[in-house]
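Input: a single structure, listed below in structure tokens.
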Amino acid sequence: MAGRWLDPLWAPGFLCVALILETASGAGDLSTKAHGHIQFSARGVNQTAMADCRAVCSLNTSDRCDFVKRNPDCHSEGGYLDYLKGIFCYFPPNLLPLAITLYVFWLLYLFLILGVTAAKFFCPNLSAISTSLKLSHNVAGVTFLAFGNGAPDIFSALVAFSDPRTAGLAIGALFGYLGLYVFYVVTVIICTWVYQRQRSRSLVHSISETPELLTDSEEDQMSSNTNSYDYGEEYRPLLLGEETTGQILLQALNPLDYRKWRTQSISCKLLKVAKLPVEFLLLLTVPVVDPDKDDRNWKRPLNCLQLVISPLVLVLTLQSGVYGIYEIGGLLPVWAVVVIVGTALASVTFFATSNSEPPRLHWLFAFLGFLTSALWINAAATEVVNILRSLGVVFRLSNTVLGLTLLAWGNSIGDAFSDFTLARQGYPRMAFSACFGGIIFNILVGVGLGCLLQIVRSHASEVKLEPDGLLVWVLASALGLSLVFSLVSVPLQCFQLSKAYGLCLLLFYICFIVVVLLTEFGVIHLK
């Protein structure tokens, strides 16, 4: 999620960040770095302030570990594990294939974590929020889902814009960025209200209903009926009746349904065993609200425990825990304050509620679960990006090729899992809205808020942007063409999207990759 660069739909984000950092892929400095693959001695490593990390493979095996430790280009911007240090410092050179194999298996397991988190925790809470606030799928997609997918990118943009060398946007334009996003959301809300009002009037004079004329509430009911297994039945207790607080807690934390376990195949059992640690950790840290159940999935002991654990997870996963370990006044870290406040709130909730009936404000747990699951997705996606970047260094992939392929896919994997899962669970309009709403949120809010903070810090009247290279304009043009294509083709199809539309988008992406790679390698260039 953090730092999306070269996905065609993320071209404006790349345009802003790349121009700001003056590291636009395909620019002249890339060729300079490419020629930096020289032999470093140990003394030379100590003196290296900044060098291309891919040069590590050209060094003697005894110098690689020191190079990775001392070179800033080898350090990850986020995440909890240093994968390059693991390869070159903890594995001997003859075991490099083993290290790569382990990383690939860990990468696959991270994909499993993303799928479980999106399917059973992120999407159910988002559905509960839209149901509680009576939001349409379009509004929920461009607001809550866009925020959940794009909030980590906003923090990355704020960091990128903090570089005083960046700039080119005046204060009025910055407020225009923020105002444009507000105008966009308001427009979606108004259009949705007008559309629903016209639909309700037409339904009054219509006796029969077609599936295309179902309201949002009816679609929610149908999707919840067809997908109740995903977030309810698997954790349903075997015995009904009055249970003690301890039994409720143990049953709520049990991710295994023994009745289904006996009927599953060997492959399904192996997959379930792999999911068990992830599901247990997520059950412990992410509350889930199910408006389709009588008790709305209220588990008093577990929900009270989550009032302590979930905020702690929030501060320890946001920006890889940077804010969580910050000490307030040099005395008490933020995570300790969160634990104290969460414990007090959990104690009040535990003694003021009962096991049988959910409290009046139980719907607020959906917001807590939504934020926690979104940051779990972001944390897993960040590790995916770091692994792919490490593999790119090992195989000496250029920065542009790495950004266009592995990093672009890795950065987008969290959003993709969320959108795919929502579409499969019966909310295609919400997922489709988030595809555009998330990009607009990241670009307008990220650029506008980031530049405003930079102006306040530097007491300047504007921020300068310095365009560099043909590749930036190719990326922006690809984005514009894709948006124009959707703007024309979707209304022509009467907003009934077919497989041909999806295939055209995939074909456009393949053509985009080919053109950009040809531009990077100099086949396509300006005279």
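Keep in mind that this is a model prediction, so the values were computed, not measured.
Under a 3.5 Å cut-off, the side chain of Lys293 and the backbone N or O of Trp298 do not form any donor-acceptor pair. Between the side chain of Asn297 and the backbone N or O of Asp290 there is no donor-acceptor pair closer than 3.5 Å. Put simply, the side chain of Asn303 never gets that close to the backbone of Phe365: no donor and acceptor are under 3.5 Å apart. With Ser310 contributing its side chain and Thr285 its backbone, the two residues share a donor-acceptor pair below 3.5 Å. At distances below 3.5 Å, at least one donor-acceptor pair connects side-chain atoms of Arg300 with backbone N or O atoms of Phe350. Side-chain atoms of Glu383 come within 3.5 Å of backbone N or O of Tyr80 as a donor-acceptor pair. Side-chain atoms of Asn125 come within 3.5 Å of backbone atoms of Phe121 as a donor-acceptor pair (strictly under, hydrogens ignored).
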CA sep, side-chain torsions, deciding dist, call: Leu114, Ile377, side-chain contact (heavy atoms from CB on, under 4.5 Å): CA-CA 6 Å; Leu114 288 170; Ile377 292 175; 3.8 Å; yes

Take Thr317 and Asn378 through the side-chain hydrogen bond (donor to acceptor under 3.5 Å, both in side chains) test and state the conclusion after the steps. CA-CA 8 Å; Thr317 54; Asn378 175 61; over 6 Å; no

Just do the side-chain contact (heavy atoms from CB on, under 4.5 Å) check on His362 and Ser132 with the steps written out, would you? CA-CA 11 Å; His362 179 231; Ser132 300; over 6 Å; no

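Geometrically, Lys272 does not engage Trp261 in a cation-pi contact, judged by NZ or CZ lying under 6.0 Å from the ring centre and within 45° of the ring axis.
Smallest separation of non-hydrogen atoms from Ala366 and Val289: N-CG2, 3.5 Å. Contact record, Leu59 with Arg64: O-NE, 3.3 Å, taken as the closest heavy-atom pair. Contact between Leu276 and Pro255 at its shortest, heavy atoms only, is CD2-CG, 3.6 Å. In terms of heavy-atom proximity, Ala346 sits nearest to Val308 at CB-CG2, 3.8 Å. The shortest heavy-atom contact between Leu84 and Cys74 is CD1-O, 3.5 Å. Taking every heavy atom of both residues into account, Pro291 and Ala128 meet most closely at CD-CB, 3.8 Å.
Between Asp294 atom CG and Ser356 atom OG the span is 12.5 Å, to the nearest 0.5 Å. Distance check: Leu282 CG to Thr117 OG1 gives 4.5 Å after rounding to the nearest 0.5 Å. Taken from NZ in Lys69 to NZ in Lys85, the straight-line distance is 5.0 Å, to the nearest 0.5 Å. Of the inter-residue distances, the one linking Tyr109 atom OH with Ile113 atom CD1 reads 5.5 Å to the nearest 0.5 angstrom. Residue Leu388 holds its CG atom at 5.5 Å from CG of Leu107, rounded to the nearest 0.5 Å. Considering CD1 of Ile87 and CG of Leu98, their distance stands at 11.0 Å, rounded to 0.5 Å.
Heavy atoms of other residues, nucleotides or ligands lying less than 6.0 angstrom from CD of Gln247 number more than 12. By the neighbour-count criterion of 12 heavy atoms within 6.0 Å, atom CZ of Phe111 is densely surrounded, having more than that number from other residues, nucleotides or ligands.
Inter-residue side-chain proximity for Thr343 and Ser347 is flagged as met; some heavy-atom pair is nearer than 4.5 Å. A 4.5 Å side-chain heavy-atom check between Thr131 and Ser127 finds at least one atom pair inside the cut-off. Two residues are said to be in side-chain contact when any heavy atoms from C-beta on lie closer than 4.5 Å; Val315 and Tyr326 fail this criterion. Inter-residue side-chain proximity for Glu243 and Asn355 is flagged as unmet; no heavy-atom pair is nearer than 4.5 Å. Ile100 is listed as a side-chain neighbour of Val394, based on a closest heavy-atom distance under 4.5 Å. Residues Leu307 and Leu368 meet the side-chain proximity criterion, which asks for heavy atoms closer than 4.5 Å. In this structure the side chain of Leu133 reaches within 4.5 angstrom of the side chain of Ile129, judged on heavy atoms. Between Lys275 and Leu112, the closest side-chain pair of non-hydrogen atoms falls below 4.5 Å.
Of the candidates Val313, Ile309, Thr372, Thr372 is the only one forming a side-chain contact (heavy atoms from CB on, under 4.5 Å) with Val286. None of Tyr103, Tyr90, Phe88, Phe91 except one satisfies the ring-ring contact (aromatic ring centres under 6.0 Å, His included) rule with Tyr83; the exception is Tyr103.
Legend: residues meeting side chain to side chain contact (heavy atoms under 4.5 Å, CB included) with Leu302, ordered by chain and number and at least two apart, are Leu249, Ala252, Leu253, Lys299, Gln306. Phe367 is linked by a ring-ring contact (aromatic ring centres under 6.0 Å, His included) to Phe144, Trp363, counting only residues two or more places apart in sequence or in another chain.
Lys260 and Asp257 are joined by a salt bridge, as a carboxylate oxygen and a charged side-chain nitrogen come within less than 4.0 angstrom of each other.
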